[in-house]
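The block underneath contains the structure these notes are about, expressed in structure tokens.
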Amino acid sequence: MKYFAGIDIGSTNIKVALCDAEGNLTADHTTPTGSHFHKNALAAFDKMLIDKAISRDDVHYITSTGYGRKLFKEADESVSEITANAAGASKVGEAYGKVRTIINIGGQDLKVIVLDEEGHVINFAMNDKCAAGTGRFLDVTARNLELDVDELGDCHVNMEGVPVTINSTCTVFAESEIISLLADGNGRDEIIAGIHYSIARRVARLAKRHGVEDLVFFDGGPALNKGLVLALEDELMRDIAVPKIPQITTAYGAALLAREAFICEEGSLYE
Ligand code: ADP
């Protein structure tokens, strides 16, 4: 059996994915990036193979992507996150329709990618200079409210009041604003929803500047947060598609590109 691997070394998490000869997602694994990118990526890759009892010899091509992609020396090629994300989102998005706009929120960046009818990238915008509008903003919010980041979505959905307006656009100032809002008696859930709307407004502004076409596909770890999804749907005034494992779309895309590169080099999947 032939397999193809995608390794996405993000600023916060390393995601690894494997596809089979037909391009089906076979395995995936996510682990914190930490400070030893290469060692941690290799460990994540090995764990994914061991969990599925797949031999390293059956992996015929590896494509790395993401912020730390150049550090994964075992890769046969490396591609940009934009290319890998577009490939993964187009494939996963087939279950929902034809993806034309991808919104990817990572641990420290925010991307909007616009695709044409054939799934080719025609435009993209990236903001990796500021933590507002990224997963980092959610991590800081959770820490300030003594919650885990995966609890924020439920807090938003179960809110009894209305979202509090957050005025600070900077993560550092928002931290002190959260504390002032709590001191003024505002509810925790209403503050969380306010943070989600503040991120969603920022994302929607960037997306609208580059043209939002349906189907809008939302991926990256923060897409696991259903409160943020609701806020983004409100701000974009449309439904958005969120895959089941949104953080691995880019790694899966890299695995699909590994498969394509193998076919291109070898001429066929079957010798
Ligand atoms: P990167 O590719 O930049 O490393 P990810 O796409 O892995 O980033 O996203 C990381 C962010 O996703 C974290 O900073 C966190 O805010 C958010 N996140 C991760 N897991 C969850 C979860 N279970 N629920 C909600 N948000 C999450």
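Order of listing sets the numbers, starting from 1, for every ligand and every atom in it. Keep in mind it's a predicted model, so treat the numbers as computed, not measured. We're numbering straight along the sequence, starting at 1. Any value given below was found using the heavy atoms of this structure, including those in side chains, with hydrogens, waters and symmetry copies removed.
Taking the charged nitrogens against the carboxylate oxygens, Asp51 and Lys47 do have a contact shorter than 4.0 Å, which makes a salt bridge.
With 3.5 Å as the limit, one finds a donor-acceptor pair spanning the side chains of Glu265 and Tyr61. A side-chain donor-acceptor contact under 3.5 Å links Thr63 and Glu77.
Numbered from 1 in the order shown, with element, the atoms of ligand 1 that lie under 4.0 Å from a heavy atom of Asp139 read 13 (C), 14 (O), 15 (C), 16 (O). Those atoms of ligand 1 that come under 4.0 Å of a heavy atom in Leu224, given as number and element, are 20 (N), 21 (C), 22 (C), 23 (N), 24 (N), 25 (C).
Comparing Gly227, Ser11, Gly107, Ala142 against atom 8 (O) of ligand 1, the shortest heavy-atom distance belongs to Gly107. Nearest to atom 12 (O) of ligand 1 by heavy-atom distance, out of Gly106, Pro222, Gly135, Pro32, is Pro222. The closest heavy-atom contact to atom 7 (O) of ligand 1, among the options Asn13, Ile9, Thr250, comes from Asn13. With Lys226, Gln247, Arg136, Lys15 as candidates, the residue nearest to atom 2 (O) of ligand 1 on a non-hydrogen basis is Lys15. Between Ala131, Gly66, Gly221, Gly220, it is Gly221 that holds the heavy atom closest to atom 27 (C) of ligand 1.
Legend: salt bridge (charged side-chain N to carboxylate O under 4.0 Å, His left out) pairs involving residues 108-119, not counting sequence neighbours, sorted by first then second residue: Arg100-Glu117, Asp109-Lys111.
Of the polar atoms of Thr12, at least one N or O is found under 3.5 Å from an N or O of ligand 1, judged by distance alone.
Ring planes of His60 and Phe262: perpendicular class, angle over 60° (limits at 30 and 60°). Relative orientation of the Phe45 and Phe72 rings is perpendicular, given thresholds of 30° and 60° on the angle between their planes.
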Under 3.5 Å, sequence neighbours excluded: what are the donor-acceptor pairs made by side chains of residues 216-237?
| from | atom 1 | to | atom 2 | distance (Å) |
| --- | --- | --- | --- | --- |
| Asp219 | OD1 | Asn104 | ND2 | 2.9 |
| Asp219 | OD2 | Thr249 | OG1 | 3.3 |
| Asn225 | OD1 | Gly227 | N | 2.9 |
| Asn225 | OD1 | Leu228 | N | 3.0 |
| Asn225 | ND2 | His196 | NE2 | 2.9 |
| Lys226 | NZ | Asp154 | OD1 | 2.7 |
| Glu233 | OE2 | Ile240 | N | 2.9 |
| Asp234 | OD2 | Tyr197 | OH | 2.4 |

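Of the protein's heavy atoms, Asp150 CB, 3.4 Å lies nearest to atom 23 (N) of ligand 1.
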